[in-house]
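Here's the structure we're looking at; comments come further down.
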Amino acid sequence: MPKSLYISRKQELPLKGDSTSLFLQVIISIAVFIFAITLSGVLSVNTMLYNWNRSILGSLTVQIMPVNDTNKEKAAAQTLAHQEKAVEFLQNVDGIIKVTPLTDEQLKQLIQPWLGDGVNLDSLPIPRIIDVKLAPDAEINFVDLAQKLAQTSSQASVDNHKLWLSKLIRFADGLKLIASTVLFLVTIITSGAIFYTTRMSLGLHRNIIEILHIMGAKDTYVAQQYGKRMAFLGFCGGCLGLFFAVPVIFFISSLAVQIEGGIISEASLSFGDWITIFSLPLFSMFIAMLTAYYTVKRTLQKML
Amino acid sequence: MGENTNIIEMHNVGIRYDQGPEILSDIKLGLKKGSFHFLTGKSGAGKTSLLSMMYLAQKPSRGSMSVFGKNINFANRDNLAALRRRIGVVFQDFRLLAHLNAFDNVALPLRVCGMDEREVRKRVTELLNWVELDAHMQDTPDTLSGGEKQRIAIARAVINRPELLLADEPTGNVDNFIAAKLMKLFVELNKLGTTVVIATHSDKLINDFAYPRLHLQNRHLHIIQPAHYSMLREKADA
Ligand SMILES: Nc1ncnc2c1ncn2[C@@H]1O[C@H](COP(=O)(O)OP(=O)(O)O)[C@@H](O)[C@H]1O
Ligand SMILES: [Mg+2]
């Protein structure tokens, strides 16, 4: 008798015949599809946030609008008083290491390109400017800072662009939180589907499992067979989901690039991000395998 | 384990299914290593139930029991698996796996304990030759006759060279010629040191072989030595 005839070993548990296989594979591929798209969103928002954060780090400009008064000297004195109040306030903010109001000389230099030489600053209502240096690791809430600054001095305001960016950052952080919740839920739901189909399958093959036990099989032996099968379904389902997700991700990022203004186009995926996305079938494989393995171990514990 | 230790010990063992009445009560038994017993009793007397406690598929509902010196009340699941590997079982209805061929069915006890596949092939081929089923290695049980299925079931029970062999009416579905051949195999294994318990209905078997009987009647176990057979049969007929 040629040995090759019986060399291919059949699995003791006929899990391939389980009618739930197709269902699970569809569930897993839909899960990975949603997961991949959401994850690519999170990853690109991360790049964007990194760029934005970098651009608001380091320094900050505060403007003191000139006070309006017919008496010019009085007005200038009041403006300076506002500036002093703002400086005092800023110096006591955590994360700010240096507060430097620009001198008249410096202001003149700033304005010169626009107004030319020989301008008498005293006769013009120009805003005063305070240069603020931030600690490198400072975590400053710009919106909060702007509000408090306005309370301190009605003339003081934080540079608009940074304020706007920091609002955008908070919004993006919120989106990220929602997206992470979606990732978490998708994982939980998929594990749940695997949990219940595994339990069903254990009931279906109860007789075979009982015989395996009587022959001396440990729970791990049964759990491994389920683990292997689910790993296969997890990987295949993952590949299928990814296959459909990648064109969608490309399509969305091509839309983002078309938006003018450069804000969204900073939301690109790095090479590392793509590796993360392409390793999703491995992730779904491990989740499926571990869920099935521990479901079997826990369920069998309740059988003799 | 010494010469005189018991392979199986039961004290005040009872078994019931769900909330039903006790099927067996106050079973006291010490099964000596190397012994050979018939297990008798009317249909429904509890032979299968007693055997299933012995092969650790069923826990006693009360009393204490040890197998190979291990009290199973204190055994965890892995302990039980280790004990089961030392026991061979022939089920009344064979319980072969329908989707596996004869070879894979017989290989089962070796594979569940992780034996090297080359050794598995060697042992299974040898044994299937010996039970004259080598021509049917590739066949699934549904294509085999009752007798052939039975031989596969027996091959599966002995492939792991068990210390305890439990057979539930193994000669029930075969003609006398094959029954005699099976008995010869069991006797042979017993001579090699295997402890054997065979549940049977067959008077012929009981009379042909002078082994003691574990007899189940009215939920209780009676141990009957060969000399008393005829007396008991008279009582049962009355
Ligand atoms: N799984 C079970 N659930 C409920 N009752 C059972 C079960 N197995 C056996 N019984 C009952 O236990 C009694 C003994 O059965 P069994 O041990 O199969 O006897 P035997 O093998 O001597 O014919 C019978 O009355 C049977 O109906
Ligand atoms: Mg029976």
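Chain letters run A, B, ... following the sequence lines, proteins first and then strands; every chain starts at 1.
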My understanding is that only residues two or more places apart in sequence, or in another chain, count here; which of them pass ring-ring contact (aromatic ring centres under 6.0 Å, His included) with Phe33(A)?
none
Using side chain to side chain contact (heavy atoms under 4.5 Å, CB included), reason through Leu97(B) and Ile211(A) one step at a time and then give a plain yes or no.
CA-CA 9 Å; Leu97(B) 300 193; Ile211(A) 290 175; 3.9 Å; yes
Does a sphere of radius 6.0 Å around CZ in Arg161(B) hold more than 12 heavy atoms from other residues, nucleotides or ligands, not counting ones at 6.0 Å or beyond?
no
Could you give me the CA-CA distance, side-chain angles and deciding distance for Met215(A) and Arg111(B), then say whether side chain to side chain contact (heavy atoms under 4.5 Å, CB included) is met?
CA-CA 10 Å; Met215(A) 304 284 124; Arg111(B) 283 171 174 165; over 6 Å; no
Most heavy-atom pairs under 4.5 angstrom with chain A, which of Pro109(B), Ala107(B), Ala98(B), Gly114(B)?
Pro109(B)
Does Tyr17(B) have more than 12 heavy atoms from other residues, nucleotides or ligands lying within 6.0 Å of its OH?
yes
Identify the two heavy atoms, one from Lys218(A) and one from Ala81(B), that lie closest to each other, and give their separation to 0.1 Å.
CG-CB, 3.6 Å
Would you say that more than 12 heavy atoms from the other residues, nucleotides or ligands in this model lie under 6.0 Å from the CG of Asp116(B), or not?
yes
Residue that, paired with Glu12(A), satisfies side chain to side chain contact (heavy atoms under 4.5 Å, CB included) out of Asn105(B), Leu108(B), Asp104(B):
Leu108(B)
His213(A) vs Leu80(B), side chain to side chain contact (heavy atoms under 4.5 Å, CB included): CA-CA, chis, key distance, verdict
CA-CA 9 Å; His213(A) 271 150; Leu80(B) 291 178; over 6 Å; no
Check the pair Gln301(A) / Arg77(B) against side chain to side chain contact (heavy atoms under 4.5 Å, CB included), numbers first and verdict last.
CA-CA 8 Å; Gln301(A) 213 104 67; Arg77(B) 295 178 63 76; 3.4 Å; yes
Counting only non-hydrogen atoms closer than 4.5 Å, can you tell me which residues of residues 13-29 of chain A sit against chain B?
Leu13(A), Pro14(A)
Inspect the surroundings of CZ in Phe195(A) and state if more than 12 heavy atoms from other residues, nucleotides or ligands are less than 6.0 Å away.
yes
Test item: Ile214(A) and Leu56(B) side chains (from C-beta on) under 4.5 Å apart, heavy atoms:
no
